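Working notes for the structure below.
Remember, it's a predicted structure, so these values are computed and weren't measured experimentally. In what follows, every heavy atom counts, from backbone to side chain, and hydrogens, waters and symmetry copies are set aside.
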2 protein chains.
Amino acid sequence: MVQAKKQLFDSKLQRCSDYCKALSHPARLAILKHLSEVQTCITGDISSEIPLGRTTINQHLAELKSAGLIQGNIAGVRTYYCLKTEALFELKNLIDEFLGQICCNEKPKEMSNP
Amino acid sequence: MVQAKKQLFDSKLQRCSDYCKALSHPARLAILKHLSEVQTCITGDISSEIPLGRTTINQHLAELKSAGLIQGNIAGVRTYYCLKTEALFELKNLIDEFLGQICCNEKPKEMSNP
DNA sequence: ATTTTATGTCGTAAACATACGTCATAATTT
DNA sequence: AAATTATGACGTATGTTTACGACATAAAAT
């Protein structure tokens with residue numbers, strides 16, 4: 001395994017990069033956006049919204065699910081997907097914290113510290 | 001080209017996913033973090049900080065450069081790298097905007113009007 | 001002038017990601 | 001009971017990323 005080198009890094013950097021990876025394809029961003037608009041919907045709705053084949057969408061959904069950003073609830077023959085807002089907040093916090101550390105000050109109120 | 005399908009998506013989603021892709025490896029996050037701590041340094045410093053071979057680091061540096069997140073200034077035999085803060089702010093804004101749209105309200109301060 | 005140093009370029013193997021077709025299956029509908 | 005529908009699982013071709021060794025080159029040090 002060549003990619004095992006990822007394990008050598010700080011676990012916070014790993015989690016942050018994993019979330020970023022989940023966001024690293026426009027189809028996945030479009031899926032998240034669509035889910036936020038309709039709250040919940042089935043796979044078929046998503047694949048008719050987005051210009052990719054159904055199985056490709058399914059693959060992207062599986063990735064978002066394994067990143068923890070969405071969840072699927074099975075109801076008979078359908079699976080209803082929705083956002084996992086806790087994870088989206090965690091992601092936001094991780095990215096904000098990272099960017100705050102390296103550049104964009106995340107807490108512009110705290111002027112009184114080295 | 002299979003990946004040409006990316007072109008079918010909204011350009012803002014594309015830019016956002018491209019930035020996220022640049023952040024999708026812990027080595028690249030570690031490089032950005034190191035650069036923020038030392039302001040500027042040469043390739044060799046980075047590859048002794050980070051547990052990967054020099055050419056691998058070079059590859060990651062090239063990716064960060066092509067994403068516009070860092071720049072390298074040649075001085076004799078050395079190349080001094082530093083962060084490009086404008087790009088980091090743009091990245092922050094894009095991600096904040098995206099996450100704000102889908103979940104985490106991005107402007108909790110603005111209760112009235114600009 | 002020769003050696004050392006810092007970096008970039010090229011090649012490449014292995015692993016992963018992307019995109020989709022086909023098949024299997026289980027719940028509805030007819 | 002048979003047909004339809006929605007989805008997941010599997011296979012696979014092509015493309016991309018990751019990781020690194022080997023070589024090239026140009027500046028600096030000796």
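Side-chain atoms of A/Gln59 and base atoms of C/dA19 include a donor and an acceptor less than 3.5 Å apart.
The ring-ring contact (aromatic ring centres under 6.0 Å, His included) pairs that include a residue from residues 50-75 of chain A are A/His25-A/His60, where partners are two or more places apart or lie in different chains. The stretch residues 30-59 of chain A participates, sequence neighbours left out, in no ring-ring contact (aromatic ring centres under 6.0 Å, His included) pair at all.
Put simply, the side chain of A/Gln14 never gets that close to the backbone of B/Pro26: no donor and acceptor are under 3.5 Å apart. For the pair B/Arg54 (side chain) and B/Ser47 (backbone), a donor-acceptor distance under 3.5 Å is absent. When atom types are taken as modelled, the side chain of A/Thr40 and the backbone of A/Tyr81 share a donor-acceptor pair closer than 3.5 angstrom.
Between the CD1 atom of A/Ile50 and the C1' atom of C/dC20 there is a distance of 16 Å, rounded to whole Å. We find that CD of B/Gln7 is positioned 14 Å from P of C/dT18, with the value rounded to whole Å. In this structure, B/Leu52 places its CG atom 17 Å from P of D/dT17, rounding to the nearest Å. With rounding to whole Å, A/Leu64 atom CG is found 13 Å from D/dG8 atom P. As a whole-Å value, the separation of A/Ile57 CD1 from D/dT7 C1' is 14 Å. Distance CG (A/Asn73) to P (D/dT7): 13 Å, rounded to an integer number of Å. C/dC20 atom C1' lies 9 Å from atom NZ of B/Lys5, rounded to whole Å.
The residue among A/Arg28 and A/Ala75 whose nearest nucleotide of DNA chain C lies closer to the 5′ end is A/Arg28.
One finds no side-chain N or O of A/Thr56 lying less than 4.0 angstrom from the OP1 or OP2 phosphate oxygen of C/dT18. Contact annotation: B/Lys21 does not reach the phosphate of D/dT16 (side-chain N/O to OP1 or OP2, under 4.0 Å). At the phosphate of D/dA19, OP1 or OP2 sits under 4.0 Å from a side-chain N or O atom of B/His60.
Think of B/Tyr80 as one node in a network of Ile, Leu, Val, Met, Phe, Trp and Tyr side chains linked at under 4.5 Å; its network also takes in B/Ile42. The hydrophobic side chain of A/Val38 is isolated, with no ILVMFWY side chain under 4.5 Å apart from it.
Smallest separation of non-hydrogen atoms from A/Ile102 and B/Ser36: O-CB, 3.4 Å.
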Write out a two-atom table: protein N or O, nucleotide N or O from nucleotides 3-9 of chain C, distance below 3.5 Å.
{"unit_1": "C/dT7", "atom_1": "OP1", "unit_2": "B/Thr43", "atom_2": "N", "d": "3.0"}
{"unit_1": "C/dT7", "atom_1": "OP2", "unit_2": "B/Gly44", "atom_2": "N", "d": "2.6"}
{"unit_1": "C/dT7", "atom_1": "O3'", "unit_2": "B/Thr79", "atom_2": "OG1", "d": "3.2"}
{"unit_1": "C/dG8", "atom_1": "OP1", "unit_2": "B/Thr79", "atom_2": "OG1", "d": "3.3"}
{"unit_1": "C/dG8", "atom_1": "OP1", "unit_2": "B/Tyr81", "atom_2": "OH", "d": "3.0"}
{"unit_1": "C/dG8", "atom_1": "OP2", "unit_2": "B/Asn58", "atom_2": "ND2", "d": "2.5"}
{"unit_1": "C/dG8", "atom_1": "N7", "unit_2": "B/Arg54", "atom_2": "NH1", "d": "3.0"}
{"unit_1": "C/dG8", "atom_1": "N7", "unit_2": "B/Arg54", "atom_2": "NH2", "d": "3.4"}
{"unit_1": "C/dG8", "atom_1": "O6", "unit_2": "B/Arg54", "atom_2": "NH2", "d": "2.7"}

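Here the CG-SG distance, from B/Leu32 to A/Cys103, works out to 10.0 Å after rounding to the nearest 0.5 Å.
Residues from residues 9-19 of chain B that place a heavy atom under 4.0 Å from any atom of DNA chain D: there are none.
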